[in-house]
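In what follows, a single structure is set out as structure tokens and then discussed.
Every heavy atom of this structure was used, including side-chain atoms; hydrogens, water molecules and symmetry mates were not. Protein chains get the first letters and strands the later ones, always in sequence-line order, with residue 1 at the start of each.
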Protein chains: 2
Amino acid sequence: MNELTISYEDFIVKFRKTITSLGLKNSNQREYVLKILFQSNSHLSVDEIGQEVLSKCSHKISTATVYKILKLLEELKIVNCITIGKNDKKVYELNLKSHHDHMVCQECGNFIEFYNEDIEKLQKEIAKKNNFLINSHTMIIYGICDKCQ
Amino acid sequence: MNELTISYEDFIVKFRKTITSLGLKNSNQREYVLKILFQSNSHLSVDEIGQEVLSKCSHKISTATVYKILKLLEELKIVNCITIGKNDKKVYELNLKSHHDHMVCQECGNFIEFYNEDIEKLQKEIAKKNNFLINSHTMIIYGICDKCQ
DNA sequence: CTCAATGCAAATGCTTTGCACTGAT
DNA sequence: ATCAGTGCAAAGCATTTGCATTGAG
């Protein structure tokens, strides 16, 4: 589920082109956030991204800026955001991975990612039956993971 | 999807028994909220519940109280809460209906409910494979509904 | 040089909490 | 009479916004 098919270098070059083609300006902050997301295997919250930028890039980044950057990246479909769990925390991940859904352990908070072709197919069928045009979907299974039982 | 198998009278009598058996005290406010949820076909936000209580029960209810009541009802598994859409609004519905998932129209905000036995089965299989104990799940398909296309 | 991006602080919105008062048992 | 429930206002968070400053092109 986690094999990225693109190197960070290629990814960032592509990102710079995207930014430029939109008439926007790139910034170190944007690349810091992307680097952190690229390196991370897990889903990160806004605060976690800020902390990681500080510790791994030695740069204090404003929380407001992180929000602004993530908003842009979401619009560009470069990151995904999911709202998870009891406290409805929002977490972000790069959109490089193929689509997948999540099982969340209510004990330890860890995620298991999964993908099931048949479920995707069934979703499309249901949508078609209701003449509903699918844009995206989220599916989260809550429970207790192997370790925590 | 919407056929309730219990009358409001029976439902509220059962609720009173539950409250009493827990050593709690019932209140008009709790019954107002339950009545509104019972009457409603849609998912209501906290504010909407407050407004409906005012207009249909002629009683101004404190928002804090609505939150407290909903929290209790969630713990008692009497209501479900789902977080939906762009603005991550929380909406509530009675747990009387059988389990179902949702399609949300990103244009008009309306929901279509659906239930699919095969998807439920597949979820259970996936969980079993990962030795994950399912507690609950949410599945939301985002897109554009029939009317809005 | 120009205009977008950043960063701070203030503002907003949703939810929770503390506490005095009300009301159910 | 007792103790839970309510309602208000204040406090807490997460997120957004306004605006002056910084920096990329």
Value in whole Å for how far the [atom2] atom of [N] lies from [atom1] of [X]:
| X | N | atom1 | atom2 | value |
| --- | --- | --- | --- | --- |
| B:Tyr67 | C:dG18 | OH | P | 17 Å |
| A:Leu44 | D:dA14 | CG | P | 16 Å |
| B:Leu70 | D:dG5 | CG | C1' | 15 Å |
| B:Ile19 | C:dG23 | CD1 | P | 19 Å |
| B:Leu22 | C:dT25 | CG | C1' | 15 Å |
| A:Ile69 | D:dT15 | CD1 | P | 15 Å |
| B:Lys89 | C:dC14 | NZ | C1' | 11 Å |
| B:Leu34 | D:dG5 | CG | P | 14 Å |

Pick out the pairs of N or O atoms, protein on one side and nucleotides 22-25 of chain D on the other, that lie under 3.5 Å.
| from | atom 1 | to | atom 2 | distance (Å) |
| --- | --- | --- | --- | --- |
| D:dG23 | N2 | A:Lys25 | NZ | 3.4 |

Checklist line | Near-strand residues of residues 45-64 of chain A, defined as heavy-atom separation under 4.0 angstrom from DNA chain C | finding: A:His59, A:Lys60, A:Ile61, A:Ser62, A:Ala64
Using a 4.5 Å cut-off on heavy atoms from C-beta on, say whether the side chain of [Y] contacts that of [X].
| X | Y | answer |
| --- | --- | --- |
| A:Leu22 | A:Thr18 | yes |
| A:Lys89 | A:Thr83 | no |
| B:His102 | B:Ile82 | yes |

Next item on the list: For A:Ser42, enumerate each residue passing the side chain to side chain contact (heavy atoms under 4.5 Å, CB included) test, keeping only those at least two apart in sequence or located in another chain.
Entry: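 A:Ser42: side chain to side chain contact (heavy atoms under 4.5 Å, CB included) contacts with A:Ser40, A:Leu44.
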Check: Does the A:Glu125 side chain pair with the main chain of A:Leu122, one donor and one acceptor, at a distance under 3.5 Å?
Finding: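 No, A:Glu125 side chain to A:Leu122 backbone: no donor-acceptor pair under 3.5 Å.
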Notebook entry, point to check: Between the two end axes of the helix from C:dC1-D:dG25 to C:dT25-D:dA1, each built from 5 base pairs, what angle do you get to the nearest 10°?
Noted result: 30°
May I have the list of side-chain donor-acceptor pairs in residues 69-81 of chain A shorter than 3.5 Å, sequence neighbours left out?
| from | atom 1 | to | atom 2 | distance (Å) |
| --- | --- | --- | --- | --- |
| A:Asn80 | ND2 | A:Asn95 | OD1 | 3.0 |

Return a table of donor-acceptor pairs under 3.5 angstrom between the side chains of residues 127-138 of chain B and protein atoms on other chains or two or more places apart.
| from | atom 1 | to | atom 2 | distance (Å) |
| --- | --- | --- | --- | --- |
| B:Asn130 | ND2 | B:Ile126 | O | 2.8 |
| B:Asn131 | ND2 | A:Asp146 | OD1 | 2.5 |
| B:Asn135 | ND2 | A:Gln106 | OE1 | 2.7 |
| B:His137 | ND1 | B:Gln123 | OE1 | 3.1 |
| B:His137 | NE2 | B:His99 | NE2 | 3.0 |
| B:His137 | NE2 | B:Asp101 | OD1 | 3.4 |
| B:His137 | NE2 | B:Gln123 | OE1 | 3.3 |

Expected list for residues 51-68 of chain B: side-chain donor-acceptor pairs under 3.5 angstrom, two or more places apart:
| from | atom 1 | to | atom 2 | distance (Å) |
| --- | --- | --- | --- | --- |
| B:Glu52 | OE1 | B:Lys56 | NZ | 3.1 |
| B:Ser55 | OG | B:Gln51 | O | 3.3 |
| B:Ser55 | OG | B:Glu52 | O | 3.4 |
| B:Ser62 | OG | B:Ala64 | N | 3.2 |

Run the side-chain donor-acceptor check on residues 29-38 of chain A: report pairs under 3.5 Å with partners two or more places apart or on a different chain.
| from | atom 1 | to | atom 2 | distance (Å) |
| --- | --- | --- | --- | --- |
| A:Arg30 | NH1 | A:Lys25 | O | 2.7 |
| A:Glu31 | OE1 | A:Arg16 | NH2 | 2.9 |
| A:Glu31 | OE2 | A:Arg16 | NE | 2.7 |
| A:Glu31 | OE2 | A:Arg16 | NH2 | 3.3 |
| A:Glu31 | OE2 | A:Asn26 | ND2 | 2.5 |

Notebook entry, point to check: Can you find a side-chain donor-acceptor pair between B:Glu113 and B:Tyr115 that sits under 3.5 Å?
Noted result: no
Notebook entry, point to check: Step by step, would you call B:His100 with B:Phe114 a ring pair (Phe, Tyr, Trp, His ring centres under 6.0 Å)?
Noted result: CA-CA 5 Å; B:His100 55 268; B:Phe114 68 91; 8.8 Å; no
